[in-house]
Amino acid sequence: MKAGVVHIERKAGTERREDEEILAARVRYAADEDPPGTLHAAIYRSPYAHARIRGVDLTRALGLPGVVYGLTARTLPPYAKPMSPFPFQTTDPFLQGNPTIKFFPHYGLASDKVRFVGEPVAVIVAEDRYVAEDALELIDAEYDPLPAVVDEELALTPESPVVYEGWGDNVMLRFRVAGGDADRAFAAADMVLREKIKSHRFAATPIEPRAILARYDPGSHTLDLRDSTQIPHVIATVLEASLDIPHLKVRVRSSPVGGGFGTKWGFYPEEWLMAVLAVAVRRPVRWVELRREHLVASSHAREQTHFIEMALTRDGRILGIRDRILANAGAAYPQGAAATIITTAMFVPGAYKVEHYEATVLGVATNKAPFGAHRGFGKAEAAYVIERMMDIAAGALGLDPAEIRYRNFIPPQEFPYVSATGARYDSGNYAEALRRCLDLLEHDRWRAEQRRRRERGVPGPLLGIGFALALEPSSATRMNSYNAGYFSVTMRVDPGGRVFVFSSGNDEGQGHATAAAQLLQQELGVEPDSVVYVEGDSLLCPYGSGSYSSRFSIVGTSAVIGAARRLRAKILRIASYLLRRPQEDLAVEAGGVVSRSTGERITLRDVARAAYLRLWELPPDEDPGLDVAYHYRDPNVGLVVDRNGRVAMFSSYPYTADGAVVEIDPDTGLLRILRYVSVHDCGRVLNEAIVVGQHLGALAHGIGGALYEELPYDAGGQPLHQTFVDYLVPTAREIPDIILDHLMTPNPFTPAGLKGTGETGTVSPPPVFANAVEDALRPLGVKVRALPLRPERIWRYMRTASGQGG
Amino acid sequence: MYPARFDYIRAEHWEHALEVLAQHGVEARPLAGGQSLVPLLKLRLAQPRLVVDIGHLPRGAVVADGSGIRIPALTRHADAEREPVLGLATSLVEDAASHIGDPQIRHMGTVGGALAEADPSGDWSAALIALRAEVVCQSVRGARTIPLRAFFQGPYSTALAPDELIAEVRIPPRPTAGRTGGAYLKVEWRAGSFAVAGVAVELVLDEERRCRDIGIGLAALGPRPAADEVVEALLRGRPLTDDAVADACALLGRRLEPYSDTRASAEYRRALGPVVFERTLRNAAQRALGGEVDARVW
Amino acid sequence: MSGRVLIEVRVNGAPYAREVEPRLLLVDFLRDRLALKSVRIGCDTSNCGCCTVLMDRWSVKACTLLAVQAHGREIVTLEGLSRDRALHPVPEAFARAHALQCGYCTSGMVMAAVDLLRNNPHPEREEVRRALAGNLCRCTGYAPILDAVLAAAGSLDGADPLDVIAPADDRGEEEHGRD
């Protein structure tokens with residue numbers, strides 16, 4: 001891959017299998033399914049951030065012609081149990097020594113209190129969505145408003161309103177991780193830096209809103225959900241546990257999904273609700289999320305405050321780090337908040353050799369929307385903090401921000417490297433990535449230009465240079481949760497010679513079918529057209545935890561390879577018998593098996609027919625059939641947490657060294673990106689177009705988070721950005737042409753050497769732009785303290801610095 | 001988001017629409033391109049009993065003659081953007097029309113609809129105020145002409161009576177003497193989002209580069225789209241020296257009555273106003289002198 | 001005047017006559033009544049562009065139009081671009097340039113590109129950015145989409161993208177039946 005602005009051209013054999021269906025308009029997403037007789041649900045949501053519910057009366061709403069059914073928490077059918085806990089919300093043996101995780105048994109409708117604006121309070125089912133929305137206006141609900149708490153620091157004070165009274169306080173999670181001896185490191189330091197660094201609340205906002213179609217067949221006790229989710233099996237499991245219906249079988253079908261990015265990794269009230277409703281009304285019930293519902297009531301992420309201390313030597317070596325992290329996690333619905341928060345604590349040391357480290361993290365309940373997963377999952381927050389600290393430390397020591405990084409990077413020869421939190425970093429060459437980034441950025445030239453402008457007092461745009469080395473630990477594992485460190489694939493050749501692959505993954509645009517077909521071509525010599533790839537169906541596919549954490553490219557591809565090799569072994573055994581040639585003489589290629597010595601050839605179909613139809617052609621000790629199951633067990637994750645909270649939670653460590661040159665208009669705070677460089681290492685590359693495409697998309701997402709996107713609340717808990725009119729996802733006009741380069745340090749733990757891809761780019765832009773803006777404003781002595789860097793914020797920094805006010 | 005129920009009449013012709021409005025008054029809302037009304041219907045912020053559709057009626061042509069330019073109210077933003085008659089008359093209209101929303105919105109939204117919505121951040125409103133345009137409002141009671149500077153009464157509020165439709169926008173003729181240039185600049189957080197601050201300037205320079213006349217229209221800088229006639233008066237007759245421009249900017253800044261919303265604080269808008277004004281003024285002057293300008297605020 | 005309104009509209013070359021509630025949005029008319037599922041909803045507020053279709057050859061957002069506004073007009077959706085097996089040159093260019101991942105924004109993106117290439121057969125990269133400012137994508141980072149549109153301009157070589165659609169067979173009501 002050549003460095004520069006990339007124009008993707010797909011190579012022969014790597015074309016996407018998924019495209020034609022989309023481009024010929026045949027693809028069907030969850031909202032496109034509407035079988036005859038479908039009813040439409042609309043959800044009445046809390047207008048209050050915090051209030052006691054006095055009563056919700058549906059009488060008038062149910063009287064509207066066309067309305068079929070409605071529910072409040074007080075009229076729930078007896079089979080409706082609270083929403084089952086999701087991974088990490090149980091008191092988990094994983095957490096020995098770190099016991100605090102509190103759970104609240106929510107129903108899908110608020111019962112006693114509402115705890116955030118947008119929380120579901122009632123649901124109406126009608127013959128069409130327009131009528132259902134009409135009925136919402138006829139719901140008579142009464143509340144006693146309560147004071148709301150939206151700030152994580154205030155939420156921990158004794159005067160604060162308590163979101164869940166039964167807990168006594170607002171702490172939903174407490175976790176501590178420590179490695180080395182931080183106290184000694186700090187005692188030996190030449191300098192200790194103390195900073196408060198915040199990352200802001202924003203969300204992944206896939207362009208497809210969530211959508212669910214639920215159907216119940218009482219005869220077979222089968223509940224079928226077409227659900228825009230990343231985790232079909234998990235949803236099936238937690239729904240079965242949330243409904244008290246004997247013999248219930250839940251089937252969840254998800255694919256295709258129109259983008260997930262983490263938001264669709266969670267168990268949501270609406271999934272629970274549609275299941276409850278479908279059983280009640282015995283007709284298909286559909287709910288399609290409005291974007292406003294998505295922005296106020298799906299899940300949010302990233303909002304954390306770090307009180308971080310860094311101990312350094314005079315020459316800029318990090319001796320130790322202590323961090324106290326407050327995560328503003330909103331209401332405690334089962335969307336996986338705890339996991340993201342713990343992840344941050346694990347990865348604050350980033351790409352640096354920090355031997356002495358200690359972090360305490362508190363997940364704080366507030367009257368905001370629940371936390372959930374979001375591309376970059378907890379690691380983005382960690383990378384933001386450490387990459388800001390590296391710049392701040394460089395400034396304090398008078399060092400070049402690149403130099404201080406070079407002095408602290410984990411050196412290439414130390415991989416696999418075990419970090420202070422027990423993580424085992426697979427491979428990397430951070431210094432080389434940063435060097436290449438600075439070269440492509442033309443760092444020295446811009447630095448000289450910056451000096452020239454400053455020395456001569458040239459009026460006009462302020463020039464800033466910023467960069468960061470962002471680590472994106474991938475393929476998460478947490479024992480005793482639904483993501484317990486494996487990936488399953490079953491594979492079958494049918495008598496016609498086609499290869500069926502059933503995967504426990506889930507595709508939200510990543511191109512799994514394409515990648516799997518490529519791997520099967522490599523491993524079995526079959527043409528992509530004879531591969532049928534199936535995932536996103538909890539009934540057909542082997543049990544698994546779906547897609548998240550860039551798992552497919554790490555454990556997913558490994559499982560496909562493992563299954564293919566197991567299948568190949570059987571194919572070769574049968575072929576050896578059929579051709580009467582030793583296995584060592586045989587090779588799989590072009591849809592069949594060939595003898596290297598004689599050139600004699602049989603097709604995969606011949607092998608399959610022997611396995612299914614002509615058992616006399618099978619070796620005597622061979623089982624009939626031509627199918628295998630394979631469970632790839634991640635070799636680079638830990639199963640047990642030690643008393644200090646240490647464990648290898650992630651198996652692979654892709655990273656990116658990104659840099660930007662920006663100009664700022666001193667009068668308005670408007671920012672212009674002059675150059676953006678990303679040097680990316682995701683190990684070996686299976687499909688260059690897919691990898692580059694995912695990385696470019698992630699970078700745009702990260703630029704959105706750094707410069708445009710946020711989910712602010714007012715002091716009373718009202719969300720201020722409720723639609724895409726205010727929540728600004730960047731368009732083609734905001735995203736510059738990005739200069740890309742790739743570095744390749746293979747993952748030694750996976751058969752194909754792949755790392756994760758598609759998330760790293762989301763992590764890097766926030767610290768890159770914060771560092772660049774701070775650099776541009778350095779003559780003013782400004783410290784960037786909040787994101788996103790909208791022009792008004794930058795303008796305020798400049799104004800405050802020039803003494804014109806607060 | 002789904003609109004509440006309403007009745008619907010597809011007007012057979014312009015007069016039919018006026019009759020229906022006369023009959024139903026405040027209970028009826030006219031629908032031209034729908035780019036303001038349909039979002040309000042979907043949010044259920046507007047729940048009219050009746051919608052009167054005029055969007056399919058003949059649009060009519062933009063006409064320029066000795067009495068100025070007449071823009072039919074049903075002219076779409078996209079038409080205005082491409083209209084050679086307007087392009088020749090002033091760059092201001094193209095600047096403003098091409099800034100509205102995105103291509104799809106410009107293909108449906110109309111000039112009349114945008115003015116009637118009276119969004120304080122409206123691009124058209126600021127541009128046409130700078131041009132001292134008037135709107136011709138019609139009802140069964142007759143027609144009246146209202147200067148745009150008197151048309152906007154507050155946020156989303158105009159002098160239009162419930163039974164009236166905007167029929168036409170009239171831009172007065174350019175002076176024959178002097179050199180004219182117009183410009184509109186807008187600060188927006190992202191392509192297609194609403195103005196955080198917008199300033200339109202139509203400038204007439206004499207041969208000595210003195211300001212013979214100037215029109216200033218402001219978007220998102222006050223409770224309604226407005227001119228600043230005091231600043232106009234300050235500059236009129238003065239050479240456009242750096243000092244004169246600085247005085248005008250300072251005066252404009254002091255006179256603003258900006259507001260805070262989710263997009264920006266009043267304080268920031270107060271700071272932006274003079275900066276955007278100065279850049280717009282320089283662009284307008286540059287164009288008056290026949291130069292090319294960058295149509296971005298920065 | 002109250003109740004349902006008859007609209008007559010040509011969609012992808014075929015005529016349809018349907019009674020609709022005045023409040024019915026064009027996007028729901030196309031999706032639910034005519035089963036044209038490529039016209040998608042992503043935001044409800046006219047920002048994401050997933051519902052972009054051509055009406056009388058201009059791109060519009062079907063979520064911000066009432067179905068009654070389409071009366072007497074001609075609509076083209078992504079379904080109408082590619083007939084039979086072969087992809088239309090614009091979607092074809094999207095595939096080659098890897099300009100789609102999850103595919104949810106793709107139909108709107110393609111229709112916005114078709115609109116651009118009708119009006120400006122040989123756009124500059126910056127003009128493509130402007131033309132797509134009404135369409136959001138979360139997967140691609142846009143650069144591959146810009147490449148696709150420029151490549152499509154090259155392969156169309158000045159031809160109107162609507163003129164390269166195979167002729168319609170005018171089946172409309174007979175084919176789809178009344179609902």
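Residue numbers start from 1 in every chain, and the chains themselves are labelled A, B, ... in the order their sequence lines are given, proteins ahead of strands. Only heavy atoms go into these numbers, but all of them, side chains included; no hydrogens, no water, no symmetry mates.
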(request) Taking the side chain as every heavy atom from C-beta outward, state whether Leu728(A) and Arg263(B) have any atom pair closer than 4.5 Å. (result) no
(message) Does this structure show an ion pair linking Glu267(B) with Arg799(A), if we count only N-O contacts that are shorter than 4.0 Å?
(response) yes
(message) Taking side chain as everything from C-beta outward and backbone as N, CA, C, O, which of these in Val297(B) sits under 4.5 Å from a heavy atom of chain A? Side chain, backbone, both or neither.
(response) side chain
(request) Could you grab the distance from atom CZ of Arg44(B) to atom CG of Asp134(A), nearest 0.5 Å is fine? (result) 4.5 Å
(message) Do Thr668(A) and Arg279(B) make a side-chain contact, defined as non-hydrogen atoms from C-beta onward lying under 4.5 Å apart?
(response) yes
(request) Indicate yes or no: does Asp726(A) engage Arg190(B) in a salt bridge with an N to O separation below 4.0 Å. (result) no
(message) Does Glu257(B), at its CD atom, have more than 12 non-hydrogen atoms belonging to other residues, nucleotides or ligands within less than 6.0 Å?
(response) no
(request) Pick one of side chain, backbone, both or neither for Val187(B), based on which atoms fall under 4.5 Å of a heavy atom in chain A. (result) side chain
(message) Please classify the contact between Glu278(B) and chain A as side chain, backbone, both or neither, with a heavy-atom cut-off of under 4.5 Å.
(response) neither
(request) Verify side-chain contact (heavy atoms from CB on, under 4.5 Å) between Arg733(A) and Asp102(B), making sure each step is shown before the conclusion. (result) CA-CA 11 Å; Arg733(A) 291 185 69 179; Asp102(B) 52 49; over 6 Å; no
(message) Within the structure provided, determine whether Phe194(B) and Val725(A) are in side-chain contact (heavy-atom separation under 4.5 Å).
(response) yes
(request) Name the region of Pro730(A), side chain, backbone, both or neither, that has any atom closer than 4.5 Å to a heavy atom of chain B. (result) backbone
(message) Could you measure the distance from the CZ atom of Arg296(B) to the CZ atom of Arg672(A)? Nearest 0.5 Å is fine.
(response) 5.0 Å
(request) Just give me the residue among Ile664(A), Leu707(A), Val131(A), Asp714(A) that pairs up with chain B most often, heavy atom to heavy atom, under 4.5 Å. (result) Ile664(A)
(message) If you compare all heavy atoms of Leu670(A) against all heavy atoms of Trp298(B), which two are closest, and at what distance to 0.1 Å?
(response) O-CZ3, 3.4 Å
(request) Indicate the atoms forming the closest heavy-atom contact of Ser265(B) with Glu792(A), along with that distance. (result) OG-OE2, 2.5 Å
(message) Could you report the tightest heavy-atom contact between Arg790(A) and Thr262(B), atom names first, then the distance?
(response) NH1-O, 4.4 Å
(message) Which atoms of Glu137(A) are under 4.5 Å from chain B, going by heavy atoms: the side chain, the backbone, both sets, or neither?
(response) side chain
(message) At a 4.5 Å cut-off on heavy atoms, which part of Pro3(B) comes close to chain A: side chain, backbone, both, or neither?
(response) both
(request) Report yes if the distance between the aromatic ring centroids of Trp189(B) and Tyr708(A) is under 6.0 Å, otherwise no. (result) no
(message) So, taking the atom named CG in Leu43(B) and the one named OG1 in Thr723(A), what distance separates them when rounded to the nearest 0.5 Å?
(response) 7.5 Å
(request) Sort Leu671(A) into side chain, backbone, both or neither according to what part of it lies under 4.5 angstrom from a heavy atom of chain B. (result) backbone
(message) Please determine whether side-chain contact (heavy atoms from CB on, under 4.5 Å) holds for the pair Lys42(B) and Leu290(A), giving the CA-CA distance in whole Å, both sets of side-chain angles, and the decisive distance to 0.1 Å.
(response) CA-CA 11 Å; Lys42(B) 289 179 74 176; Leu290(A) 304 176; over 6 Å; no
(request) State whether the number of non-hydrogen atoms from other residues, nucleotides or ligands found under 6.0 Å of Arg209(B) atom CZ is greater than 12. (result) no
